[in-house]
Amino acid sequence: MMEKLEPPASPSARRGEQLSPPRSVSPPVNSPAAKEPQNRGDSAQSGVSEEPPAPCQRSPAELIAVETSDGGGLARSPHETTPPVSTATDSPLNHTTPPPTPCSSATLPPNIPVISLGHSKPPIPPLPLPSPQLTALHPIPPRSLGSNDIRLTQLTSLSAPAPTLPVPPPGPLLPPSYLPGHPFFSSAYLGPSGNYGLFASSRMKRRPSSHFELGLSEGPPQKLARRVFTNSRERWRQQNVNGAFSELRKLIPTHPPDKKLSKNEILRLAMKYINFLVQLLHDQASEWGSQTTEDGGPREEGEEGEAVEDERLGVANSWDPNPGSQCDSPSRGHSLTDRPVLGSALPDRDSESMSTLVISPASSCYGDTDSEESLNSKNSIVNPGACGLEQTAARIQTVLASDQR
Amino acid sequence: MTRKVFTNTRERWRQQNVNSAFAELRKLLPTHPPEKKLSKNEILRLAMRYIGFLVQLLERQGGRPTLLSILHSAQGLASDTDPPSPGSSCDSSEAW
């Protein structure tokens with residue numbers, strides 16, 4: 001029995017709770033307490049007799065109670081619980097860890113996970129699933145809490161009445177909202193675990209779907225729980241995407257800067273902006289090329305046309321421009337020395353691998369075979385030296401203005 | 001009833017538009033391999049990094065304040081956060 005009580009999943013916070021004020025651990029578990037009154041030492045009981053804190057606390061209390069029953073007393077309980085707690089904390093997503101539930105073994109099925117409150121680690125997967133467990137869980141009203149908070153509030157209340165549930169706990173974190181009210185759950189205890197739980201659970205979720213496959217006898221509560229979990233996970237995922245949208249929005253220059261853009265607009269403007277930047281680079285490259293035309297325009301242009309974008313992992317755009325061209329390193333260095341006019345710009349170019357990033361959208365992403373030809377043609381097409389900063393500015397304005405109309 | 005159908009259709013059409021915009025944006029992003037499948041989240045974040053990279057590249061290559069950098073600074077968009085990986089990795093191209 002003692003072993004069962006060990007809360008593998010109990011978070012460090014719980015451990016802290018246990019350590020600091022063992023007495024503060026109230027007998028959250030009324031029923032468990034009742035069940036093991038004899039087991040608890042007086043000290044434990046005193047602590048327990050205080051108000052019933054959150055379920056997580058209860059677990060410790062129960063642990064303590066259990067421990068004390070062993071004769072170790074409160075002093076011992078923290079120690080004993082520490083190891084299991086540490087292990088629990090080590091694996092935040094301890095869904096599988098069995099029964100974190102420290103609640104009195106008599107009342108809580110060993111497989112009920114216990115969530116530690118108030119610490120940043122991902123909450124232990126609260127409810128594994130079975131309906132009876134669900135009833136035990138606190139249903140923190142979902143609306144009252146933020147979506148993130150809801151997850152936090154998944155305290156495994158696991159209270160007393162929870163009959164021994166055959167269901168294994170593995171499941172991913174489930175938003176607590178679905179559970180029918182339990183007084184134990186109090187949002188105050190919930191720490192900002194953030195999305196960790198759901199995030200982790202998203203991986204766990206895949207696995208033990210079999211665990212969820214309780215027979216129909218398990219009933220709707222389980223399906224309900226699953227649905228709730230899925231909903232909140234989807235919500236979290238969508239929030240992520242929306243966040244990415246807003247960040248992308250920040251990069252797109254508009255007038256006024258805080259103009260509201262729809263998702264569609266954000267995407268299309270981003271496309272235009274990227275195209276514009278690429279073309280700008282291209283023009284700059286040709287501009288430089290034209291500036292150093294004395295040494296042989298074509299060669300310079302070819303070098304300029306080298307497109308080496310390293311951001312592309314291993315993209316074979318190893319733009320060795322034309323195999324037969326003189327645009328190789330030796331010539332490159334050669335040409336560099338011939339361009340003193342660039343002045344300070346040169347070093348930068350060199351450091352940047354001196355190849356201007358000439359990327360034609362089509363060729364850059366899709367294979368390099370045609371890049372050379374297309375780039376060369378582009379070089380010839382581009383108006384060398386015609387793209388001054390002023391023209392660039394004008395182009396920017398035009399592009400943005402047209403986009404926003 | 002008809003209105004619901006109409007709304008569904010419109011929403012579907014709208015969603016298709018957004019998806020095609022995603023696909024087009026995806027075409028602009030350099031990846032390896034180029035046909036790699038990217039999720040929407042990944043497309044957005046990769047686009048962010050790419051734009052930041054291009055801006056940074058332009059600023060550095062320009063050797064002079066570009067209008068873009070002015071624009072960005074005006075808008076409080078600091079691309080400094082983007083790691084200058086492109087630049088640094090550019091050197092590796094020499095080995096090619």
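What you see is a predicted model, and the numbers here were worked out from it, not measured in a lab. In the text below, chain A, chain B and the rest are named by the order of the sequence lines, each starting its count at 1.
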Problem - Side-chain (B:Arg26) to main-chain (B:Lys36) donor-acceptor, under 3.5 angstrom - result: yes
Completion exercise
For A:Asn242, the side chain to side chain donor-acceptor pair (under 3.5 Å) test, sequence neighbours excluded, returns A:Lys263
Exercise for the section: Find the distance between CE (B:Met48) and CZ (B:Arg45) and round it off to the nearest 0.5 Å. Expected result: 5.0 Å
Problem - Residue-level interface, residues 5-15 of chain B with chain A, non-hydrogen cut-off under 4.5 Å - result: none
Problem - Gap between atom CG of A:Leu281 and atom CD of A:Gln279 - 0.5 Å precision - result: 10.5 Å
Completion exercise
CD1 (B:Ile43) and NZ (B:Lys27) are apart, to the nearest 0.5 Å, by 11.5 Å
Fill in the blank from the handout: Output for pair (A:Leu280 CG, A:Glu287 CD), nearest 0.5 Å, gives 9.5 Å
